[in-house]
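Here is the structure we will look at, set down as structure tokens.
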Amino acid sequence: MKRHIVCVLVAGVLVSSCATVTLPVNRKVPVKQACGPLADRKCAPSVGVPLPLTQQYKTIEVDATGTPLLMSYLGTMVDLRNRRGEFGAICGGNPNPFKATDRTASLFTNTVELTYTLEQKIDAGIKADLTEAMVAAGVPISITDRVQAELDASVSQLKKQVVNATATLNEYQLKPTVLSELDGSEERGRFKKCLSDLMTGKWRLYQGVSGFYVSDGRLDSTTTSTIIANLVARVKLVDPSVDTFKVTASLNKTVTQKVKTAVRPYFVVVGVSFYRSPRHSMIS
């Protein structure tokens, strides 16, 4: 028996049981499912003045260990008119007074499974790259020109490959001890210039950032190998003199690099929050 959910407007606002949040690869998921403990704030951080990024999320690169480069947000500042969650400026100017050790570890582990096609992530230049790979393996340009239809078909099949990944909700904050240090830096300390900027009342400081860490995408490598093998077979049919081993190896290298780039881990920011100082009323 199917259950039908009836969404109700309360004071012109969609109740949370029906509200959705947009995750990576443009998938809309119910807020309660995606945001878990942050559902009431639409995935924005649990501290400070929340700003859920409901219109467009931001992407933060991760380092070699898989850790998001979070200090591109935390401890930076934006002007009061900025309500889009843009990357901020260094508070107080260089050198940045905030360090990576000034933030907390991730606070949540809510997960959502993502399924998408490679077309949504792979770049548009893959056809030219495959052609270049064949030429590098000794296939004459005259032959690559004759297999354009097969090349188009191979690119289309690659783009249709299904990718699976896991998106894990994370929230990071500036530590309370660090914010207390900031509040008391009127006369001296590493945050003196930063506090001076904030005391003008023209800036807001990012206290928290929340988002989804998207794992390495997983796809069927057997299908990829079959697509390449079919393309190589067609090239061999047109020109029996080509070295199929070299062509296959060259195409495999190019496709592997393209796919690896398309499905590498990244962090999607879906909410931020601003610091509200208990000591300085202009910082809010």
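Residue pairs satisfying the disulfide bond (SG atoms under 2.5 Å apart) criterion with at least one member in residues 238-282, sequence neighbours excluded, are absent.
Remark: aromatic rings of F191 and F98 are close, center separation under 6.0 Å. Close placement of the Y206 and Y73 rings is indicated, their centers lying within 6.0 Å of each other.
Shown here is R190, whose CZ atom has more than 12 heavy atoms of other residues, nucleotides or ligands within 6.0 Å.
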Determine, stepwise, if the pair Y213 / V62 fulfils side chain to side chain contact (heavy atoms under 4.5 Å, CB included). CA-CA 9 Å; Y213 176 84; V62 299; 4.0 Å; yes
Please walk me through it: do N230 and S154 pass side chain to side chain contact (heavy atoms under 4.5 Å, CB included)? CA-CA 8 Å; N230 290 339; S154 297; 5.9 Å; no
Using side chain to side chain contact (heavy atoms under 4.5 Å, CB included), reason through L174 and Y275 one step at a time and then give a plain yes or no. CA-CA 9 Å; L174 291 176; Y275 178 53; over 6 Å; no
Does the side chain to side chain contact (heavy atoms under 4.5 Å, CB included) test come out yes or no for R218 and T166, once each step is laid out? CA-CA 10 Å; R218 306 174 298 277; T166 300; 4.1 Å; yes
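With hydrogens and angles ignored, the 3.5 Å screen pairs a side-chain donor or acceptor of K175 with a backbone N or O of T101. In this structure a side-chain-to-backbone donor-acceptor pair under 3.5 Å is present from S273 to V47. Without hydrogens or angle criteria, S196 side chain to K192 main chain gives no donor-acceptor distance under 3.5 Å. For N110 (side chain) and N170 (main-chain N/O), no donor-acceptor pair under 3.5 Å exists by modelled atom type. Counting only distance, with no hydrogens or angles, the side chain of S210 and the backbone of C43 share a donor-acceptor pair below 3.5 Å. Not a single donor-acceptor pair under 3.5 Å links the side chain of R41 to the backbone N or O of P52. Side chain of T248 to main chain of F245: no donor-acceptor pair is present (N/O by atom type, distance under 3.5 Å, no hydrogens or angles). Using modelled atom types, no side-chain atom of T117 and backbone atom of K160 make a donor-acceptor pair closer than 3.5 Å. Judged by distance alone, the side chain of S250 and the main-chain N or O of K246 form no donor-acceptor pair under 3.5 Å. Of the possible polar contacts, one joining the E171 side chain to the S46 backbone as a donor-acceptor pair under 3.5 Å is found.
Hydrophobic clustering places V238 together with I228 (ILVMFWY residues linked when any side-chain heavy atoms are closer than 4.5 Å, directly or through intermediates). No continuous path of hydrophobic side-chain contacts links V242 to L237 [ILVMFWY only; heavy atoms under 4.5 Å]. If you chain together hydrophobic residues whose side chains sit under 4.5 Å apart, M282 and L198 fall into the same group. Side-chain heavy atoms closer than 4.5 Å link hydrophobic residues (I, L, V, M, F, W, Y) into clusters, and following such links, possibly through other members, connects I143 to V247. Cluster annotation: V49 and L80 are assigned to distinct hydrophobic clusters (Ile/Leu/Val/Met/Phe/Trp/Tyr, side-chain heavy-atom contacts under 4.5 Å, transitive).
When all heavy atoms of P240 and K236 are compared, the pair lying nearest together is O-NZ, 2.6 Å. Scanning all heavy atoms of the two residues, the minimum distance from I126 to K159 falls at CG2-CE, 4.3 Å. Here the closest non-hydrogen pair linking D197 and W203 is O-CD1, 3.4 Å. Taking each heavy atom of D239 and P140 in turn, the nearest pair found is OD2-CD, 3.9 Å. When every heavy atom of P45 is checked against every heavy atom of V209, the shortest pair comes out as CG-N, 3.6 Å. For the pair D183 and E186, the tightest heavy-atom approach, listed with the atom from each and the gap, is O-OE1, 3.5 Å.
Donor-acceptor pairing under 3.5 Å is recorded for the side chains of Q148 and K127. Side-chain contact annotation: T115 with N164, donor-acceptor N/O pair under 3.5 Å present.
Put simply, the side chain of E61 reaches to within 4.5 Å of the side chain of R264, judged on heavy atoms. By the 4.5 Å heavy-atom criterion applied to side chains, K121 and V263 are not counted as neighbours. Side-chain contact check for K253 versus T256: every heavy-atom pair is 4.5 Å or farther apart. Within the 4.5 Å cutoff, no side-chain heavy atoms of V162 are placed close to those of L118. Put simply, the side chain of K202 does not reach to within 4.5 Å of the side chain of D79, judged on heavy atoms. At least one side-chain heavy atom of I283 sits under 4.5 Å from a side-chain heavy atom of L195. In this structure, T76 and F87 have side chains that are not in contact, with every pair of non-hydrogen atoms separated by 4.5 Å or more.
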Residues 88-95, side-chain donor-acceptor partners within the protein, below 3.5 Å, at least two apart:
none

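Note that K58 lies outside the cation-pi zone of F267, set by a 6.0 Å cut-off to the ring centre and a 45° limit from the axis.
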